[in-house]
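Written below as structure tokens is the structure these notes are about.
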Amino acid sequence: MVGLGDGRRPRSRLALGRGPRGVAPHVQGGPPDIHALHVLVLPAPDRDDRRTLKESRDTVRIVYPPGPRGLPLVGNLHQIRKDKIAFMLETASHGDIAHFRLGPTDAYLVNHPDHIRDVLIERSDVLPKDWLQRKIVSPFFGNGMLITNGEEHARQRRMAQPAFHPKRLDSYGRVFVEQTLHGIAGWRSGGEYEIDTEMLKMTIQNVCLTLFNADATDIVARAAVAMTTIMDLLSMEFDLALPIPMWLPTEHNRRKREAIRELDSIVMKFAEAWRKSGQDRGDLLSMLMLAHGEGRGGVTHDELRDHLIVMFAAGHETTAFTLVWAWVMISQHPEVEAALWEEVDRVLGGRPPTAEDVPQLVYTSMVVKETLRLYPAGWILSLRQPGEDIRLGGYTIPKGSRIFISPYVTHRDPRYFSEPERFRPERFRPGLDQNIRRGSYIPFGIGPRVCIGNGFAMMEAVLILATVAQRYRVSLLPGQTLVPRGNLALRPPPGVKVRVTERLRSAAAA
Ligand code: HEM
């Protein structure tokens with residue numbers, strides 16, 4: 001018997017924070033028609049996976065780690081569909097490696113920092129991104145960097161890397177601040193705003209101006225709607241473990257196609273504009289366009305589209321949602337708000353920040369890091385799928401199974417973060433942050449697939465927070481229930497309402 005108890009810990013030690021044993025106080029649902037469809041056409045693993053899983057079971061007696069009980073045929077899909085976040089929290093309470101089923105397929109939630117490092121770093125060569133997930137998102141991401149594996153992934157990553165070089169990031173700082181100032185120029189003291197919309201406007205502009213040298217003013221609203229539609233539809237397919245073939249004439253597919261067309265036309269217009277000017281501006285789009293051209297060993301039209309879509313999609317919502325949660329947390333924690341104001345006033349002395357100020361904005365960075373701990377936009381990493389049977393934490397994980405890692409879950413584990421539900425930026429105070437166990441804090445992932453936009457996002461979030469906090473108090477309007485939605489990204493509910501008050505006035509009133 002392979003160590004059944006390995007790494008297991010008592011259920012009661014995981015503070016769940018979304019109601020008893022992780023059951024969220026709300027229930028999310030999808031349309032029942034698709035669920036019915038799922039039971040009928042639940043996708044089996046592709047032919048190769050089926051063969052190898054059977055081989056694995058014949059040769060190795062599989063001992064499953066503990067996990068939540070599922071139903072015949074659907075496994076645990078019905079629970080995942082009901083509330084994914086609650087399901088993952090509950091699953092983690094079974095142990096460091098917990099087993100569940102996505103229909104006929106074995107799935108594992110890996111929730112120990114050492115095993116997480118094993119999966120994402122040490123064994124990453126035999127743990128590529130999962131085929132089902134790739135199939136679901138490929139109508140949108142094409143063959144872009146988020147979903148490719150092996151040499152193709154390494155090639156795409158090399159191509160994009162120069163756009164994220166620290167020297168380039170410094171030059172992006174000016175854009176981040178200018179766009180924030182531009183965004184808040186229209187604010188009225190005492191006015192009420194939807195902070196998610198405000199943050200999305202800024203981050204969409206930032207990604208377009210820095211990486212594509214393109215002004216996105218006119219497309220912000222359309223892009224945000226199309227992104228939400230796509231993310232909701234793809235997320236629904238994930239919940240059902242069911243890639244809905246694009247040729248099926250369903251309403252779901254019509255909406256998906258329309259939203260993809262909208263975003264395609266947005267990013268390809270950037271490419272057209274570049275073509276007209278033909279100027280190398282040193283941005284990502286210029287690099288791709290100069291390498292563009294079939295037969296020249298450069299990127300093809302499809303590759304260009306896929307690169308642009310991946311960067312556009314991965315590069316704005318994640319940071320915007322992080323900032324929304326940061327404002328929610330700041331407005332609920334007066335001591336954090338006071339420390340933030342003290343820092344921006346002291347370091348900036350009333351002038352707008354620059355990239356050079358970021359190292360001095362220590363507390364502001366701590367606020368961003370703590371926000372990313374409690375509300376990591378990438379709340380579940382892309383699923384990994386062993387290319388061979390692997391041993392992990394005393395168990396054999398068969399080839400073809402699915403491996404889940406959830407920063408949201410690990411970041412709330414009291415073994416690695418004391419009082420995990422409390423918002424305490426202090427844990428990231430330089431010096432203290434060395435106590436954080438490696439592999440337990442992974443908002444950007446780790447290893448060869450770590451977020452390429454990590455430095456971009458941190459600088460952007462710190463500069464936006466500092467620029468706004470310098471001028472405005474952002475207060476959450478009462479009467480809102482803010483339960484995070486475990487979509488592809490961790491989304492705040494739409495329309496988070498705040499009141500903004502000019503800092504000088506609010507100080508006088510205090
Ligand atoms: C707070 C903001 C962000 C968060 C929390 C975040 C989170 C993540 C995570 C967790 C991954 C790894 C997924 C995995 O291992 O499965 C990832 C990958 C990626 N991110 Fe980000 N991200 C953020 C911002 C950005 C930005 C600003 C960009 C680009 C401008 C970006 C582009 C990418 C790309 C292209 C990948 C795929 C990298 C690869 O597979 O090699 N992200 N991100």
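Whatever order the structure lists ligands and atoms in, that order sets their numbers, starting from 1.
Counting heavy atoms closer than 4.0 Å to ligand 1, residue Thr319 contributes atoms from both its backbone and its side chain. Heavy atoms of Gln156 found under 4.0 angstrom from ligand 1: none, in either backbone or side chain.
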Query raised in the report: Does the pair Arg384 and Asp130 meet the rule for a salt bridge (charged side-chain N to carboxylate O under 4.0 Å, His left out), with working shown?
Result: CA-CA 5 Å; Arg384 304 312 209 259; Asp130 165 74; over 6 Å; no
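With respect to the salt-bridge test (charged N to carboxylate O, under 4.0 angstrom), the residues Glu237 and Lys256 qualify. Using a cut-off of 4.0 Å between Lys/Arg side-chain N and Asp/Glu carboxylate O, Arg101 and Asp106 are scored as salt-bridged. At a threshold of 4.0 Å, the pair Arg437-Asp114 counts as salt-bridged, since one of the basic side-chain nitrogens sits closer than that to a carboxylate oxygen. A salt bridge links Arg155 and Glu303; the closest N-O separation between the charged side-chain nitrogens and carboxylate oxygens is under 4.0 Å. No salt bridge links Glu272 with Arg275; every basic N to acidic carboxylate O contact stays at or beyond 4.0 Å.
Across Met311, Met459, Arg449, heavy-atom proximity to atom 12 (C) of ligand 1 is greatest for Arg449. The option with the heavy atom closest to atom 7 (C) of ligand 1, from among Ala313, Pro443, Ala377, is Pro443. Counting only non-hydrogen atoms, the option in Leu383, Leu381, Leu146, Thr148 that gets closest to atom 36 (C) of ligand 1 is Leu146. Taking each of His316, Gln133, His153 in turn, the one with a heavy atom nearest to atom 39 (C) of ligand 1 proves to be His153.
The two atoms that bring Trp379 and Asn487 nearest to each other are NE1-O, 2.8 Å, heavy atoms only.
For the residue pair Ser401/Gln385, the side-chain donor-acceptor check at 3.5 Å is not satisfied.
Close approach of ligand 1 to Arg384 is summarised as follows: ligand atoms under 4.0 Å from at least one heavy atom of the residue are 14 (C), 15 (O), 16 (O). Near Thr322, meaning under 4.0 Å from one of its heavy atoms, ligand 1 places the atoms 1 (C).
A distance of 9.5 Å separates CG in Leu146 from CD in Gln133, rounded to the nearest 0.5 Å.
Distance from atom 38 (C) of ligand 1 to its nearest protein heavy atom, with residue and atom name: Arg157 NH1, 3.4 Å.
Listing protein N, O or S atoms at distances below 2.8 Å from atom 21 (Fe) of ligand 1, with waters left out, gives Cys451 SG.
Both tests pass for Arg412 against the ring of Tyr408: distance under 6.0 Å to the centre and angle within 45° of the axis. In this structure, Arg373 is positioned above the aromatic face of Phe417, its NZ or CZ under 6.0 Å from the six-membered ring centre and within 45° of the axis.
Assignment of Phe321 to the shell around ligand 1 is not supported, since no heavy atom sits closer than 4.0 Å.
Considering backbone and side-chain atoms together, Glu460 places no N or O closer than 3.5 Å to any N or O of ligand 1.
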